[in-house]
Student: 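Shown below is the structure under consideration.
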Amino acid sequence: MYTIKRAAELVGIPAGTLRAWQRRYGVVTPERSDSGYRVYDEEDLDILRRMNELVQGGLTPALAAGKLTETSGSADRGDDLVAVAATLRPDRITRLLDRQFATGSFEDVLDRWLLPELQRVGTAWATGELSVLAEHLVASAVERRLHAAFDAAGVDTAGTTPQVVTGLPYGARHELGVLAFAVCLRRLGLAVSHLGANLPTEDWLTAREAYGSPAVVLAVPSPSDLPTARETIRALRAAGPGVLAVGGGQQDALAAEEPGIIPLGHRLGPAALQLSEQLNDAASMVGGRR
């Protein structure tokens with residue numbers, strides 16, 4: 001990693017020129033060191049060198065920057081998560097996530113960009129376009145981001161908001177969607193306990209009892225997850241009344257065969273808002289009867 005002074009020296013331009021290209025045209029997006037200084041990597045230097053070559057060849061900086069945008073091989077300057085994953089560079093994946101989550105609300109970015117891109121990553125892995133390593137790097141980066149958002153949303157220490165548990169049934173491991181939904185619920189003020197992936201039915205029952213019969217949100221991402229999801233839902237229903245909701249790709253099939261199950265839909269933001277309103281209305285009715 002290089003300071004702006006050293007980067008400018010290596011490219012062969014004044015530091016002031018580098019700052020101007022960065023500020024006016026966004027040709028590079030340097031990271032910041034622990035002490036807060038901008039630092040540049042080899043990819044940044046390569047882009048700046050090509051920018052300099054174009055300017056030295058007679059193009060204005062604005063035209064040179066536009067040409068770089070058209071021809072650049074650094075896919076992480078756009079919004080293509082598959083292309084960035086193929087570079088096998090965790091820092092590029094993180095930078096892409098940073099840029100996307102700066103473009104709108106957390107829920108908007110989830111529904112508009114992240115979830116569709118994660119589906120593309122999964123398809124690319126299944127067809128051999130992406131390696132297992134590339135898929136794992138994306139999953140790890142997204143999981144870290146979601147856990148950080150979950151923690152940042154805070155916890156209801158007073159115990160005054162509706163309780164919800166979220167997770168996956170035994171054998172199910174595709175956790176990112178339900179974790180993202182847990183973040184959405186917590187951002188709406190609900191007390192959410194996320195139980196994670198691959199949870200046996202008996203542990204779902206234990207959690208429900210331990211948390212005082214909370215609402216349950218069970219994700220069912222793939223057809224192979226249906227048998228254990230059915231088992232868990234039926235066990236929870238037999239244990240007593242309560243709100244049972246399902247999400248994921250198989251939610252409609254499961255809701256059709258299990259009466260009383262709430263399908264959450266396929267957009268996390270609106271689904272979280274709908275469930276939050278339903279639970280808060282139910283809590284208000286209980287409080288009013290008291």
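Treat the numbers as computed from the prediction; the structure is a model and nothing was measured.
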Student: Does the Thr206 side chain pair with the main chain of Glu202, one donor and one acceptor, at a distance under 3.5 Å?
Tutor: yes
Student: Is the shortest side-chain heavy-atom distance between Phe106 and Leu146 below 4.5 Å?
Tutor: yes
Student: What distance separates Asp203 CG from Tyr170 OH, expressed to the nearest 0.5 Å?
Tutor: 11.0 Å
Student: What's the shortest heavy-atom distance between Cys184 and Leu110, and which atoms?
Tutor: SG-CD1, 3.6 Å
Student: Pick out which of Asp111, Asp252, Leu115 makes a side-chain contact (heavy atoms from CB on, under 4.5 Å) with His266.
Tutor: Asp252
Student: Quick one: are Arg120 and Asp80 in side-chain contact, heavy atoms under 4.5 Å?
Tutor: yes
Student: If you apply the rule side-chain contact (heavy atoms from CB on, under 4.5 Å), what do you find for Gln100 with Leu114, and how did you get there?
Tutor: CA-CA 8 Å; Gln100 288 298 321; Leu114 182 59; over 6 Å; no
Student: Do side-chain atoms of Arg186 reach the backbone of Val192 as a donor and acceptor pair under 3.5 angstrom?
Tutor: yes
Student: Can you give me the closest heavy-atom contact between Ala149 and Val183, atom names plus distance?
Tutor: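 Result for this residue pair: CB-CG1, 3.7 Å.
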Student: Between CD1 of Ile47 and CD of Glu43, what distance do you get to the nearest 0.5 Å?
Tutor: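 The distance works out to 4.5 Å.
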Student: Mark yes when over 12 heavy atoms from residues, nucleotides or ligands other than His174 sit less than 6.0 Å from its NE2; otherwise mark no.
Tutor: no
Student: Run the salt-bridge test on Glu107 and Arg267 with the 4.0 Å N-O cut-off and return the result as yes or no.
Tutor: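 Here Glu107 does not pair with Arg267 in a salt bridge, since their nearest N and O are not under 4.0 Å apart.
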Student: If hydrophobic clusters are built from ILVMFWY residues whose side chains come within less than 4.5 Å, do Leu133 and Leu118 share one?
Tutor: yes
Student: Determine yes or no for a side-chain-to-main-chain donor-acceptor pair under 3.5 angstrom, with Gln251 supplying the side chain and Gly265 the backbone.
Tutor: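 At least one qualifying donor-acceptor pair exists.
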Student: Look at Glu9 together with Arg6 and state whether they make a salt bridge at an N to O cut-off of under 4.0 Å.
Tutor: yes
Student: What pair of heavy atoms forms the shortest contact from Pro214 to Val165, and how long is it?
Tutor: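 Closest pair (atom of Pro214, atom of Val165, distance): CG-CG1, 3.8 Å.
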Student: List the steps, then state whether side-chain contact (heavy atoms from CB on, under 4.5 Å) holds for Leu97 with Val142.
Tutor: CA-CA 8 Å; Leu97 292 173; Val142 173; 4.3 Å; yes
Student: For the residue pair Ile13 and Trp21, establish whether any side-chain heavy-atom pair is separated by less than 4.5 Å.
Tutor: yes
Student: Is there a side-chain contact (heavy atoms from CB on, under 4.5 Å) between Val243 and Val216 once you walk through the steps?
Tutor: CA-CA 6 Å; Val243 175; Val216 172; over 6 Å; no
Student: Taking Arg208 for its side chain and Leu236 for its backbone only, find out whether a donor-acceptor pair lies under 3.5 Å.
Tutor: yes
Student: Please confirm whether the backbone N or O of Ala124 pairs with a side-chain atom of Thr127, one donor and one acceptor, at under 3.5 Å?
Tutor: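 Checking the backbone N and O of Ala124 against the side chain of Thr127, a donor-acceptor pair under 3.5 Å is found.
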Student: Check whether any side-chain heavy atom of Asn280 lies under 4.5 Å from a side-chain heavy atom of Leu190, and answer yes or no.
Tutor: yes
Student: To the nearest 0.5 Å, what is the distance between CD (Gln278) and CG (Leu273)?
Tutor: 11.5 Å
Student: Same cluster or not: Leu10 versus Ile4, using hydrophobic residues (I, L, V, M, F, W, Y) connected whenever any side-chain heavy atoms lie under 4.5 Å apart?
Tutor: yes
Student: Any non-hydrogen side-chain atom of Trp113 less than 4.5 Å from a side-chain atom of Leu96?
Tutor: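 The answer is yes; the side chains approach within 4.5 Å.
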Student: As an exercise, state the distance from CG of Leu18 to OH of Tyr40, rounded to the nearest 0.5 Å.
Tutor: 4.5 Å
Student: Side-chain heavy atoms under 4.5 angstrom apart, residues restricted to Ile, Leu, Val, Met, Phe, Trp, Tyr: same cluster for Tyr211 and Leu275?
Tutor: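 Result: no, two separate clusters.
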Student: Leu130 and Ala134: which non-hydrogen atoms are nearest, and at how many Å?
Tutor: CD2-CB, 4.0 Å
Student: Measuring from Glu258:CD to Arg234:CZ, what's the distance to the nearest 0.5 Å?
Tutor: 4.0 Å
Student: Heavy-atom count around Phe101 CZ within 6.0 Å, excluding the residue itself: above 12?
Tutor: yes
Student: Show your reasoning for whether salt bridge (charged side-chain N to carboxylate O under 4.0 Å, His left out) applies to Arg173 and Asp225.
Tutor: CA-CA 9 Å; Arg173 300 180 183 276; Asp225 301 323; over 6 Å; no
Student: Can you hop from Leu268 to Leu185 via hydrophobic side chains spaced under 4.5 Å?
Tutor: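 Same hydrophobic cluster.
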Student: Please test Leu195 against Leu199 for side-chain contact (heavy atoms from CB on, under 4.5 Å), starting from the C-alpha separation and ending with a verdict.
Tutor: CA-CA 7 Å; Leu195 308 182; Leu199 193 71; 3.7 Å; yes
Student: Please give me the minimum heavy-atom distance between Ile233 and Leu244, naming the atom from each residue.
Tutor: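 Reported closest heavy-atom pair: O-CD1, 4.0 Å.
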Student: Less than 4.5 Å apart, side chain to side chain, heavy atoms only: is that true for His194 and Val164?
Tutor: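 The answer is no, as the side chains (C-beta and beyond) never meet within the 4.5 Å cut-off.
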Student: Answer yes when Asp44 and Arg95 have at least one side-chain N-carboxylate O distance shorter than 4.0 Å, and no when they do not.
Tutor: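 Salt bridge flag = yes for Arg95 with Asp44.
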Student: Given side chains that start at C-beta, do those of Pro263 and Leu254 come closer than 4.5 Å, heavy atoms only?
Tutor: no
Student: Quick check: closest heavy atoms across Asn52 and Gly12, and the distance to 0.1 Å?
Tutor: ND2-O, 4.2 Å
Student: Taking the side chain as every heavy atom from C-beta outward, state whether Leu81 and Val138 have any atom pair closer than 4.5 Å.
Tutor: yes
Student: Kindly work out whether a path of hydrophobic side-chain contacts (I/L/V/M/F/W/Y, heavy atoms less than 4.5 Å apart) joins Val84 to Val121.
Tutor: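 Yes; Val121 is reachable from Val84 via cluster members.
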Student: What's the separation between atom OH in Tyr2 and atom CG in Asp41, rounded to the nearest 0.5 Å?
Tutor: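 Spacing of OH (Tyr2) from CG (Asp41) equals 9.0 Å.
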Student: For residues Thr94 and Arg145, is any side-chain donor paired with an opposing acceptor at under 3.5 Å?
Tutor: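 Result is no, nothing qualifies.
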